[in-house]
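Heads up: the structure comes next, in structure tokens.
Throughout, protein chains are lettered first and strands after them, A, B, ... in sequence-line order, and every chain is numbered starting at 1.
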Amino acid sequence: MSLEKIGDPRDLTHWMGHMETDYSYTYGIAGEKFFKELKENAKIMGTRCKNCNLIYVPPRLFCERCFEKLDTWETVSKRGSVHTYTIANIDIDGSKLKKPIIWAMIKIDNVHGGFVHKLGEVDSKDVEIGMHVEAVFKSRKEREGSMLDIKYFRPAKQKLEKALR
Amino acid sequence: MFAKRRVAVVGAGLTLFRRNLKETGRELAFEASKMALDSAGLTRKDIDCVTLGTAPDAFDGIHMKGENLSDGAGAYRKPYTRVFVGGGTGVFAPNAGWWHVASGLFDTCLVVAEEKMSSCFPHPQYAFTTIFDPIMSRPIGMNLVWIFAIEMHRYMHVHGIKKEQIALVSVKNKGNAMDHPCAQLPAKITVEDVLNSETLVHPVQRLDISPTSDGAAALVLASEKVAKEITDDPVWIDGVGWGIDSTYWTNRDLYYPKYVECAARMAYKMAGIKNPPKEIDVAEPYDPFDYKELHHMEGLLLCKKGEAPKLTEEGVTQRDGDLPINPSGGLLGVGNPIAAAGLMKVCEIFWQLRGEAGKRQVPGDPRTGVAQAWGDLMQYGSVIVLRS
């Protein structure tokens with residue numbers, strides 16, 4: 001049921017136009033190091049703020065609290081917990097997705113922060129807030145230095161915990 | 001630290017809110033501006049400066065929207081500023097107007113807010129895909145409804161809130177909008193209607209969301225001296241507040257809008273408000289989604305954390321309740337042309353405190369009201385306190 005009286009804007013007298021602009025975004029100083037490690041070693045890096053006793057993930061060049069430059073890099077866990085999640089049934093234009101997508105905010109273990117990413121290898125009925133998950137990486141050949149080098153996060157496999165860290 | 005000059009709202013104007021309006025953005029801005037000036041008994045000549053609020057350029061599709069809208073906002077050959085803090089713009093624009101006058105630099109300020117989302121074709125959601133960090137977030141494919149859904153889920157999880165409780169907000173606001181002449185989605189609906197509506201992005205359903213809209217709103221602000229010359233019913237801006245939380249939303253706990261609390265504390269301190277639920281008679285918190293009204297009531301310190309759903313169930317937030325919330329019908333009922341929707345809320349508080357809200361009038365001669373908007377990447381709060 002929708003109460004919205006949706007009309008096509010083209011029903012009004014109109015002129016179609018477009019604003020085409022492409023962009024080349026630099027990774028930045030912190031981002032370059034983060035994505036290099038992600039791509040080459042499948043490692044997740046963070047930067048530590050000694051003043052505020054926080055490890056920022058994703059890493060940053062500066063601490064937003066004490067405003068000091070950060071240059072202490074740490075390899076952090078590939079695991080975290082589901083802070084919250086959603087199951088998307090529709091695409092951006094409102095059209096139905098063939099397969100629902102599970103999006104989650106994942107807080108990485110023992111750091112300040114984490115990622116928003118997809119969950120995989122799990123049925124949407126079985127996802128819970130607080131659930132422990134781990135990053136699943138693409139193969140070295142497929143990784144290109146992008147957030148998509150992590151395919152998704154999946155429920156953490158308890159037995160492998162030590163080996164994966 | 002606060003300015004000595006008091007600033008009053010002396011006029012307000014609002015266009016229809018609709019999905020697709022024929023008028024251009026500047027025509028909408030003109031309509032709202034003209035209406036606000038007329039209601040104050042002033043003309044463009046009486047206006048010293050203009051403050052315009054409008055959200056991302058990508059909606060209207062003009063990469064210099066402030067300049068494009070300026071003539072419609074009455075700014076021709078006047079000191080003119082565009083302000084933009086995402087969804088918070090509609091309440092931030094009068095805050096910016098306030099300092100123009102409170103500083104002593106100007107005696108009158110026309111505050112205008114406009115949005116024409118229908119230009120973004122085929123759907124304004126496409127404009128939202130580029131508000132995120134291009135490297136960390138955009139490749140993942142986030143969109144705006146999804147990020148709300150995960151915030152809503154976190155809020156429900158932490159406090160054990162049921163969807164039925166949240167749906168009551170949509171029922172109330174769409175119902176309140178039945179009495180609003182500009183409303184886009186007034187409706188008499190039930191909790192069941194909300195719960196039976198299509199699940200878009202769990203737990204968000206169709207009737208939990210405000211629409212995309214075209215529209216404009218405007219206010220006329222005046223110094224105390226000018227206000228007393230032109231009206232017997234000035235409504236004073238007694239508090240303004242704004243603030244932002246971490247840019248990294250993964251570094252926040254989404255269950256509580258700390259950014260709103262920061263802005264509210266700033267505004268309440270200025271207004272001398274110590275006990276918000278007791279001292280505030282009517283409130284217009286930002287409600288692009290039904291849970292957001294509850295979330296923002298808590299951030300505005302109108303109740304304890306997690307208590308807003310209970311107050312809603314008890315009828316406290318109804319128009320005739322002890323603490324009427326969104327008597328206008330809010331974004332859920334009146335519509336959501338982003339910046340204009342925020343300023344619509346300030347217009348509503350103005351009309352409520354003047355006793356000019358017609359069928360929407362809150363009983364009991366309300367004297368103190370608060371309006372709030374929220375924006376940027378879910379971490380910006382803007383608050384204004386008005387008193388009659």
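Contact of A:Arg10 with chain B is made through the side chain alone, with heavy-atom distances under 4.5 Å. Using a 4.5 Å cut-off between heavy atoms, A:Phe115 contacts chain B through both its backbone and its side chain. Contact of A:Ser124 with chain B is not made at all, since no heavy-atom distance falls under 4.5 Å. With a threshold of 4.5 angstrom between heavy atoms, A:Leu12 approaches chain B through side-chain atoms but not through N, CA, C or O. Contact annotation for A:Met19: only side-chain heavy atoms (C-beta onward) come within less than 4.5 Å of a heavy atom of chain B.
Judged by distance alone, the side chain of A:Thr86 and the main-chain N or O of B:Ala149 form no donor-acceptor pair under 3.5 Å. With hydrogens and angles disregarded, no donor-acceptor distance shorter than 3.5 Å links the side chain of B:His153 to the backbone of A:Thr84. With hydrogens and angles disregarded, no donor-acceptor distance shorter than 3.5 Å links the side chain of A:Asn89 to the backbone of B:Val201.
The line from CZ of B:Phe121 to NE2 of A:His14 is 7.5 Å long, rounded to the nearest 0.5 Å. In this structure, OG1 in B:Thr250 is found 6.5 Å from NZ in A:Lys107, a value given to the nearest 0.5 Å. The structure places CG of A:Asp91 at 12.0 Å from CG of B:Leu200, a figure rounded to the nearest 0.5 Å.
Options A:Met16, A:His18, A:Arg60, A:Arg65 differ in how many heavy-atom pairs under 4.5 Å they form with chain B, and the most are formed by A:Arg60. Of all the listed residues (B:Met152, B:His63, B:Gln205, B:Lys22), the one sharing the greatest number of non-hydrogen pairs under 4.5 Å with chain A is B:His63. In terms of heavy-atom pairs under 4.5 angstrom with chain B, the leader among A:Phe35, A:Trp103, A:Tyr23, A:Tyr56 is A:Trp103. In terms of heavy-atom pairs under 4.5 Å with chain A, the best-connected choice from B:Ser118, B:Pro203, B:Gly141, B:Ser119 is B:Gly141.
Counting only N and O atoms by type, the side chains of B:Ser246 and A:Glu64 include a donor and acceptor under 3.5 Å apart.
Among the residues in residues 122-138 of chain B, those with a non-hydrogen atom closer than 4.5 angstrom to a non-hydrogen atom of chain A are B:Gln125, B:Tyr126, B:Thr129, B:Pro134, B:Ile135, B:Met136, B:Arg138.
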